[in-house]
Amino acid sequence: MKYKLTKAEQETVINFDNELDTASIYTHDSRLIKKLRELRKQYPEQFVLEHREHGSVTFTIPKRCVGIRPPYSEKRREQQRQEAKENGLPFMEKGEMNDGKN
């Protein structure tokens with residue numbers, strides 16, 4: 001029997017500690033999975049696929065690649081929307097844009 005996870009169950013978990021220089025990312029998010037796979041192609045020794053199961057993946061990545069930033073201003077968000085419409089999104093091919101949802 002195949003079990004389908006709810007949206008709430010399709011989580012992303014990022015773990016790291018103060019000792020190691022790496023972080024672990026477990027995710028069901030297809031956009032993040034695609035981004036991690038692209039980074040793995042470019043940096044195979046730093047972005048390591050540890051586990052894949054039922055639509056989720058676990059990667060080990062350099063901890064310095066995990067960041068928290070302040071929220072974007074509305075002006076910056078609008079500018080990025082326009083740039084994405086014109087140039088596509090990073091890690092997406094042109095024409096692969098979704099139905100316009102943010």
What pairs with Q10 under side chain to side chain donor-acceptor pair (under 3.5 Å), at least two apart in sequence or on another chain?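 Partners of Q10 by the side chain to side chain donor-acceptor pair (under 3.5 Å) criterion come out as none, since no residue qualifies.
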Could you pull out all residues at least two apart from Q46 that satisfy side chain to side chain donor-acceptor pair (under 3.5 Å)?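 Expected list: none.
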With K7, which residues qualify under salt bridge (charged side-chain N to carboxylate O under 4.0 Å, His left out), at least two apart?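 Once residues adjacent in sequence are excluded, K7 has no partner under the salt bridge (charged side-chain N to carboxylate O under 4.0 Å, His left out) criterion.
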Which residues share a side chain to side chain contact (heavy atoms under 4.5 Å, CB included) with [X], sequence neighbours left out:
{"X": "E45", "result": "none"}
{"X": "T6", "result": "A8, E9"}
{"X": "R69", "result": "Y72"}

Between Q79 and E83, is any side-chain donor less than 3.5 angstrom from a side-chain acceptor?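 Yes.
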Please tell me whether Q82 and E78 have a donor and an acceptor in their side chains that are separated by less than 3.5 angstrom.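 A pair is found: one side chain offers a donor N or O, the other an acceptor, under 3.5 Å apart.
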Residues 13-26 side chain polar contacts: donor-acceptor under 3.5 Å, at least two apart:
residue, atom, partner, partner atom, Å
D17, OD1, E19, N, 2.9
D17, OD1, L20, N, 2.8
Y26, OH, H28, NE2, 3.0

Kindly determine whether R37 and I33 satisfy side chain to side chain contact (heavy atoms under 4.5 Å, CB included), including the steps that lead there. CA-CA 6 Å; R37 286 181 177 157; I33 291 170; 3.6 Å; yes
Donor-acceptor pairs under 3.5 Å, side chain of residues 49-60 to any protein atom, not counting sequence neighbours: which ones?
residue, atom, partner, partner atom, Å
E50, OE2, T60, OG1, 3.0
H51, NE2, E53, OE1, 3.3
S56, OG, E53, O, 2.8

Nearest 0.5 Å please: distance from the CG atom of D29 over to the CD atom of E11.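 One gets 12.0 Å once the value is rounded to the nearest 0.5 Å.
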How about P62 and Y43: do any of their side-chain heavy atoms sit closer than 4.5 Å?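 Answer no - side chains too far apart.
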